[in-house]
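First the proteins, then the strands, lettered A, B, ... as listed; each starts at 1.
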Number of protein chains: 2
Amino acid sequence: MPERAVAGGKEKFVETPVESTRERLLNVAEQRFGEGGYEGTSLRAITVAAAANIAAVNYHFGSKEALLRAAVARAMAPVNTERRRRLDQLEARGGPSAEQVIRAFIEPGLDLVLRRGERGAVVARFIGRIAFDPSQRIRELYAAESDPIESRYLAALQSALPHASPEAVAFGYVNMLGLLALHQSQALSRAPGVDDAEDPGKLAENLVAFLVAAFDRGLRT
Amino acid sequence: MPERAVAGGKEKFVETPVESTRERLLNVAEQRFGEGGYEGTSLRAITVAAAANIAAVNYHFGSKEALLRAAVARAMAPVNTERRRRLDQLEARGGPSAEQVIRAFIEPGLDLVLRRGERGAVVARFIGRIAFDPSQRIRELYAAESDPIESRYLAALQSALPHASPEAVAFGYVNMLGLLALHQSQALSRAPGVDDAEDPGKLAENLVAFLVAAFDRGLRT
DNA sequence: GCATAGTTCAAACGGTCGTTTGAACTGGAG
DNA sequence: CTCCAGTTCAAACGACCGTTTGAACTATGC
């Protein structure tokens, strides 16, 4: 690894100013896959934008799909971590409300990812786009990253809404998942500047309020 | 047009038992585009399944995108007609409730299209998939078919919810649009048989109830 | 019959796709 | 220095893409 010269006992802190080829590929893949989807984005478009050779993808990742898988894993990791942290915190205090659980799910997806400048929006769009890619294969690839905490959220919602049947809670959950993804991918912002160009905090508040009302009073049975 | 021999004054009622090449192409395009998306579906896959020559697409439609455009127009036409009809009927009686307006929007998308056997589900999945295709170009192509009645629904929702700001009503509308599309495309049914394999009427009722609660009590400002 | 417009067909066009190859380059280890 | 694993590179691979061509076929109108 000549790139990061941190081998050996001494930390040499070369502080490479430019990202490694691998990191540049992941960054550009996030952006392009988020704009054009998986099928609609070619490896050549990615490698050109990343100033890398086309063979670098297969060298660092193995295939186009493996590149996507790595990008999804990297993008979802902080979101999953934050969701777990919030859920731990809520459950430690015991008996969280539906609003608290919903907020703990939505805000890490919009907040944490939409803040910190332009890259956050890129990551959000990437996640939202991949979550509902036309190809079932790609969707499952995303689901594999999202599933592990799904059962925890389902259980938390169920205890917050004891009157609702498990089917109704699951119905609300997938609706929440879908609406979040659509807002993340910015596919719901057709009229410019109507509701999404504003700060993500406001969008998160609107979405949480929308979902809380639906969960509290909109679940049948 | 040797296919349908209905020319001349006399109706000869040849009653061609098989659909025309043009119709077969539209039918298969609905199915395949709905399964794999626009970019993920090749004209060759469509023409082979339709038992047509690859050149037939460009002969009957002009291009791949024109085929999609024709398929979208054909699939949306009855939905738009039914939505207009319901809205006319509601407005004739004056002052419809939010639930009535929401129902008039959702049910034509699920009901009318999910009933009548297997083809209905194919059309629904096609519409839902195209509505949120990764390519903005494709999404706009769908929006062009859906927009004409959008303003009418926005106005009806606004009068049913006078306390809500126009921005809030628009926010609810796009959420309704998105959730409907996701259910149409069957992208929200990951666990088999949980909530979507049931009859579409139940799904429509669940979705309407979910949205009514969100509209009535979940819109901020 | 012949002419004709509509439709289908096999074949090929140039281009782009994801992937692979093998050589060239890089920089620390011995 | 030599060695060597890690990385980059230009080039090519076969496959598939959407589109076009021009001839062949079909059924009607004259």
salt_bridge(A:E91, A:R152) N-O dist < 4.0 Å: yes
Set of ring pair (Phe, Tyr, Trp, His ring centres under 6.0 Å) partners for B:F132, sequence neighbours left out: none
Spacing of CG belonging to B:D133 relative to OG belonging to B:S185, to within rounding of 0.5 Å: 11.5 Å
Reported NZ-to-CG distance for the pair B:K202 and B:L207, which is rounded to 0.5 angstrom: 15.0 Å
Test item: A:I46 and A:K64 side chains (from C-beta on) under 4.5 Å apart, heavy atoms: no
Give every donor-acceptor pair under 3.5 Å between a side-chain atom in residues 30-42 of chain B and any protein atom, sequence neighbours left out.
residue, atom, partner, partner atom, Å
B:E30, OE1, B:R74, NH2, 3.4
B:E30, OE1, B:R119, NH2, 2.3
B:E30, OE2, B:R74, NH2, 3.4
B:Q31, NE2, B:E35, OE2, 3.4
B:Y38, OH, B:E65, N, 3.2
B:T41, OG1, B:R32, O, 3.1
B:T41, OG1, B:G37, O, 2.8
B:S42, OG, B:A45, N, 3.1

Set of ring pair (Phe, Tyr, Trp, His ring centres under 6.0 Å) partners for A:F105, sequence neighbours left out: A:Y153, A:Y173
Distance test, side-chain N/O of A:T21 to OP1/OP2 of D:dT8, below 4.0 Å: yes
Whole-Å gap separating C1' (C:dA10) and CG (B:N53): 7 Å
Contacting residues from residues 55-74 of chain B, given that a heavy atom lies under 4.0 angstrom of DNA chain C: B:A55, B:Y59, B:H60
Sorted by number, the residues of residues 35-45 of chain B with heavy-atom contact under 4.0 Å to DNA chain C: B:R44
Which residue lies more 5' along DNA chain C, comparing B:A51 with A:I54 via nearest heavy atoms: B:A51
Residue list, side-chain hydrogen bond (donor to acceptor under 3.5 Å, both in side chains) with B:R85, at least two apart or on another chain: B:E82, B:Q89
